[in-house]
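Residue numbers count from 1 along this sequence. All values reported here derive from a predicted model rather than from experimental measurement.
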Amino acid sequence: MTSSPWPAPAKINHFLHVTGRREDGYHLLQTVFQFLDLVDELRITASADGRIRCRRNYQQVEEQDDLVIRAAKLLQELGGSTCGADIRVDKKIPIGGGLGGGSSNAATTLVALNCLWDTGLTTDQLTEAGLTLGADVPVFIRGFAAWGEGVGEQLEPVEVPEDWYLLVYPNVPVTTAQVFNAPALERATPRVTLDDFRQGKCRNDCEPVVRQICPEVAAALDWLDARAKARLSGTGASVFAAFPEREQAARLLRELPAKWQGFVTRGCNRSPLMERLALEKG
């Protein structure tokens, strides 16, 4: 066993098309997910008392809404476990940045505690459980870069370049609900193929809406796009550009306006969570 932290990586969406809407209100999507080596760190110690204790370095989320706590309690219920856990979350992924940090935290909690508590749930069972917590949770549990469809839970592995990225967060969160409830959101984009994506024929349908509701994100997109090809991740608010070399991204980071946060990070087709799980299992 090892005491090293469990990583919860950020993700980016290389594109995001909204192709329809289900009767229950959920939007149907097409996207490509890729992980980043920008991670939150969870230090998790199993206990025998059945209590879930969580220490966090952020206050923006109420404790009863925190996906880490909800995921741990869900696994207790599904696995019939009487174990508890002490969890310390060191959050580095911006909240509300369209990078999946909360969903990733939930996935890491499920995967780690499934191992530490020896509840024995399969990856499919964890994925099904994770979907009840959020549409992005399954990709973090599966742990591979993926072509995503449905509400984001229908996943097929893909290989995309593991480029370096300059990631810009303009310090203004955008909620998924804001974007998906906007009347102006395009909801009938024709379905595309992986070849279409590889040929650069895809876009982020959320970008026009995010530009309208959040001028600071629009400014970040314009700033980055004047220097490289800028894209919006998910429903925002983070924007990113790809570079073949780290120094190219680092050089541009030095020009970033001080009012925004910037990260130089690398794309990963395999989640670092999978490596940590393998280490735990020995």
Side-chain angles (χ1 to χ4, degrees), residues 1-2 4-11 13 26 29 31-36 39-48 50-54 61 64-89 91 93 99-158 176 234 268-282:
M1 296 290 184
T2 178
S4 62
W6 292 82
K11 60 81 181 169
N13 298 84
Y26 281 92
L29 311 173
T31 191
V32 166
F33 296 103
Q34 188 181 31
F35 306 109
L36 301 177
V39 302
D40 291 341
E41 293 184 343
L42 279 67
R43 294 188 179 274
I44 304 176
T45 304
S47 63
R51 295 178 59 194
I52 305 299
R53 292 169 287 264
C54 184
V61 181
Q64 65 269 21
D65 297 325
D66 194 300
L67 288 175
V68 169
I69 298 171
R70 290 176 58 196
K73 291 181 176 179
L74 178 61
L75 188 67
Q76 280 181 324
E77 180 182 345
L78 295 175
S81 178
T82 59
C83 296
D86 291 283
I87 306 171
R88 190 177 75 203
V89 184
K91 177 160 281 297
I93 302 168
L99 302 171
S103 294
S104 187
N105 290 172
T108 292
T109 300
L110 289 171
V111 169
L113 289 179
N114 188 53
C115 177
L116 297 174
W117 289 347
D118 196 25
T119 46
L121 271 66
T122 66
T123 299
D124 286 345
Q125 289 173 315
L126 288 177
T127 299
E128 184 177 353
L131 185 59
T132 68
L133 298 171
D136 284 346
V137 177
V139 72
F140 290 109
I141 293 174
R142 296 285 183 193
F144 50 74
W147 175 272
E149 298 202 41
V151 297
E153 88 290 3
Q154 298 172 23
L155 302 166
E156 293 293 334
V158 295
T176 300
C268 308
N269 290 337
R270 177 178 166 85
S271 170
L273 176 59
M274 299 299 101
E275 299 172 8
R276 176 62 179 82
L277 179 62
L279 183 65
E280 188 70 28
K281 291 181 175 180

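The closest donor-acceptor contact from the side chain of N114 to the backbone of L121 lies under 3.5 Å. Remark: the backbone N or O of R53 is not paired with any side-chain donor or acceptor of D86 at under 3.5 angstrom. Judged by distance alone, the side chain of T108 and the main-chain N or O of N105 form no donor-acceptor pair under 3.5 Å. The backbone N or O of G148 lies less than 3.5 Å from no partner atom in the side chain of T31, so there is not a single donor-acceptor pair. Remark: side-chain polar atoms of E153 are not paired, donor with acceptor, to backbone N or O of A135 under 3.5 angstrom.
Remark: E280 engages R276 in a salt bridge, criterion side-chain N to carboxylate O under 4.0 Å.
The two residues L42 and A8 have their closest heavy-atom pair at CD1-CB, 4.1 Å. For the residue pair W117 and A85, the shortest heavy atom distance occurs at CZ2-CB, 4.1 Å. Residues R70 and T132 approach most closely at NH2-O, 4.3 Å, considering heavy atoms. The two residues D136 and S103 have their closest heavy-atom pair at CB-OG, 3.6 Å. Nearest heavy atom pair, residue G143 against residue F35, reads C-CE1, 3.4 Å. Scanning both residues, Q76 and G50, for their nearest heavy atoms gives NE2-O, 3.0 Å.
Here OG of S104 is found 7.5 Å from CG of L273. Values are rounded to the nearest 0.5 Å. Within the model, atoms CG of L116 and OG1 of T109 stand 10.5 Å from one another, a figure rounded to the nearest 0.5 Å. Atom CG of L78 sits about 9.0 Å away from atom CG of L126, to the nearest 0.5 Å. Rounding to the nearest 0.5 angstrom, the gap separating the CH2 atom in W6 from the CD1 atom in I87 is 11.5 Å. Distance CG/L110 to CG/L74: 6.5 Å, rounded to 0.5 Å. Here R88 contributes atom CZ and C54 contributes atom SG; the two are 11.0 Å apart, rounded to the nearest 0.5 Å.
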- Message: If you apply the rule side-chain contact (heavy atoms from CB on, under 4.5 Å), what do you find for V158 with F144, and how did you get there?
- Response: CA-CA 8 Å; V158 295; F144 50 74; over 6 Å; no

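Put simply, the side chain of E128 does not reach to within 4.5 Å of the side chain of T123, judged on heavy atoms. Contact check for L131 versus V151: side-chain heavy atoms found under the 4.5 Å cut-off. Residues L155 and F33 have side chains in contact (heavy-atom distance under 4.5 Å, counting atoms from C-beta outward). Side-chain contact between S81 and L75 is absent, with no heavy-atom pair separated by less than 4.5 Å.
The number of heavy-atom neighbours closer than 6.0 Å to CD of E149, taken from other residues, nucleotides and ligands shown, is above 12.
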